[in-house]
Amino acid sequence: MSKKFLLSAIFSAGALSAGAIAGDMQVLNEEELEDVSAQGLQMIENDTRDFGGAINQNNNLDSVQMNDNAQQNAKAADLIAAATSAVNAAINLMWSDSDPSEPDDAVSRDTVFPVVVEAPNGPQAFGQSYEQTNDQSAFNHKNRANGSTLAIAANAGKESQYIYNNIQRYETTDEDGNPVYEGSSVENQDNNNNSVQLNDNAQQNAAGLMVENSAQSASNTGLNIFASGDVSLTAGSQTNTQAALNMDNRAESNGNAFAGNGELSATQIVDNDLGDPGSLANEPEIYVVNQDNNNNSVQLNDNAQQNASGLTISNNANTAKNTGINLHASSGMIDGSAVSQTNEQTAQSHRNVAIVNDEDEESSSTASAGNFNKETQSVENEFSSTPEGGLVADQNNNNNSVQLNDNAQANATGLEVRNSALSAYNTGMNIMEFDSSNAASLNQSNDQFAGNMNNLATGADTSEAMNAEDGLFYGGPTQSVRNNTNVENQNNNNNSVQLNDNAQQNAAALAMVNNANSAQNTGMNIMVDLIVEEPEDGGDSTPPPEGKGITDTTVSQDNTQTAVNHKNRAYGNDYAYAHNKNKQTQNVRNAEEIDDQAAQITIAGQNNNNNAVQLNGNAQQNASGLEITNMAVSAANTGLNIGVFNNINTSNVAQSNTQTASNFENVASAAFEAEAGNAEPFSEVSMPGQYIHNVHADIEGQNNNNNSVQLNDNAQQNAEGLSIANIAKVALNSGFNIMWIAGDTADSSITQTNTQTAGNHNNYASADAEEGVALAWNFNKQRQYIANCYCANITDQDNNQNSVQLNDNAQQNLRGWHVLNGATSAVNMGTNIIATQGMVSGSTIQQINTQTATNFSNTATGGAAISTNTELGLF
């Protein structure tokens, strides 16, 4: 790989031109945000006969939606839309021009992306400094109960959205007064629950330092930007601290304690009843067209964010985000200057604690902590009698997922372009561009703790900590889709990432990431000496002027991220239960209730993704970046140190990335009975894992992915990047140290330490050694069941279970260093490269990558102990 390719990847984002930096930033303080909530219950019932037969409707609950030309061509330093979110944004800009009234041609105050342009040749910035501290606390649905005999702290029905469309034909009369029956339709209905959706030209060509749309998220962003000529003894310090707690309950009692969050039936229910066609000779059509159902998801359609540009472009749903960027651009010497940044973020969602302080050994007490139906999406499309004359077209059902369609984010540029659902990510970037440096430093520390669906029950005779998706009266899947009508182009995503059409085509960014239910830690250090130029004739680089280079300069970065999800702990005197139930289940049923083969329906273009990544069409075609990642239910740790220098002497680059990701880990301890486990059990209406049932249907082009990665068509064709990864249920640790030096290297070092611990589906149960029973298990956690009836016609069906599939021209002509397509794997990759044209003395490159990945490992201790992973058959 040439230096030219590397530099083109670094600078591929292009220049960003914002007309003006809009106003002073308005940051809500702790008092304004504390205990503020807009969340609740939304119920929409539509009878199309009341609307003349057609509905164009947007239903948003705690969501962000932009349509038409909303914020098209908008320009601002911060361009933020937030719903039930905590956003902490801080920007420091320092500019030095020779004449402030007539900016230098190379750069002006309209330019807010100095890393890819020349810095001004202005006077020396000497002895300047800034210090900024941002402290934010945001609490939503935080309940505390302390009782002598009973304590209850709970939220009920706080995030439920119910949409019912009764799509009936309607009757009018002709000129002679005779009855005429007209068709009915639901057209362009968007149902967003704790979600972000951008349609049409929303934010097309938008430009800003930060472009962000957030729903039920915690966002912490700090930007420091220097642009000047010579810089001497100039310092900047920024500290961002954020604590965000959502659905946080604590109950403490001497008797019984209950702490929980619950939705009675499901978080989002969409019911399309396509009427009764009757027996008319010329039956009018009844249909649903362009319906998007998003639950804790991000969806971009049409030209949304096409050509958008910014240092950071992000769309977040139910996500904890921590981003720190330092840009230092100087046309001259950096002498004795320092930039430091510290970002600390704690984000906890749906945490329940139930404690019983029971000192009476003869009394009976219970401690329960749990979440019930908090991630459930149910979509039903059916006719009352026969499906003839009905159609559901272009329906997208996203549950805890990211979906980009059409030209969404095509040609978008930025240092970071990211779309996240139900995720935690930590990004730190240090970028220095200069002529030469002496005794300069750039230090960054990012610390993030993200916890979701974690429960603790302790102290009682019976303690139970659980997360469950159980439906109203019986066990149900996390995502349920039923079709008893013709369907065209239906995408069903559960904890998944899907990119279609031209999404992110030609997009360019240092980090381009789409996350669903994942934890990611990214750290980048980039230092570029302006004197180093790529020769036009392809020969050696021009030797640097004598004395130019870096001396006694340091760059350090420390990124620490802890992501803990669905962790239940139960400690009981007699009985303890710690469970997750039906938390990663998808059921799709096509024509299951149609008995007449003469009424055969058509299902065309159906994608069913469960904990999966799927790219279709031209998605990410020609995309470029240092890091391009699409991940579902995964943990990724990426560190990059990149230097392009003339001479380097007694200088150091140090980076440390530490990540702990723990999912679906349960602990139960009691004297008589202790159970810790994760289960997807059978029920009357639900099959475990991914269940696809096709009966009286013609199936054309159906992709079923369970814990899998699938790339189709031209996806990632001609893409370029150092690290390109598509991963589902993977623990990935990746580190790069790369240095290009035109001159000499003396007494300098690059060190990188990447430490990652990933644990999934590990259960621990302990009971009395003589009389107790301990059970630690996983039940039906990796099941895929495809049931194709003999009466169905199947063409082009791909079924992937814990698998990777690439079709057509996917990744054709791709160029990269680390290219990974992984499913249910653990991968550790490290690269050290030093290329120099001069002498090397007393210098080192060191990289230490440590990864511990433990999956489906159970421990049981007791008089009777059972530790097992089981996939049972249908009966």
Q) Where is the tightest heavy-atom contact between N580 and F664, given as atom of each residue plus distance? A)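 Minimum heavy-atom contact is ND2-CD2, 3.5 Å.
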Please answer whether the main-chain N or O of [Y] pairs with a side-chain N or O of [X] as donor and acceptor at a distance below 3.5 Å.
X: S195; Y: V298; result: no
X: N261; Y: M247; result: yes
X: Q614; Y: L711; result: no
X: T585; Y: P477; result: no

(Q) Using the ring pair (Phe, Tyr, Trp, His ring centres under 6.0 Å) criterion, which residues pair with Y425? Sequence neighbours excluded. (A)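 Y425: no ring pair (Phe, Tyr, Trp, His ring centres under 6.0 Å) contacts found.
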Will you find, in the side chains of [X] and [Y], an N or O donor that is under 3.5 Å from an N or O acceptor?
X: Q801; Y: R783; answer: no
X: E592; Y: N590; answer: no
X: N733; Y: N849; answer: no
X: N467; Y: N455; answer: yes
X: N754; Y: N637; answer: no
X: D501; Y: N405; answer: no

Q) Does some side-chain heavy atom of N778 sit less than 4.5 Å from a side-chain heavy atom of N763? A)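 Yes. Closest side-chain heavy atoms under 4.5 Å.
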**Q.** Any residue meeting salt bridge (charged side-chain N to carboxylate O under 4.0 Å, His left out) with K374, in chain and number order, not counting sequence neighbours
**A.**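 K374 satisfies salt bridge (charged side-chain N to carboxylate O under 4.0 Å, His left out) with E159, E263 once adjacent residues are dropped.
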Q | Electrostatic pair E720-R815, nearest N-O below 4.0 angstrom | A |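 Salt bridge present between E720 and R815.
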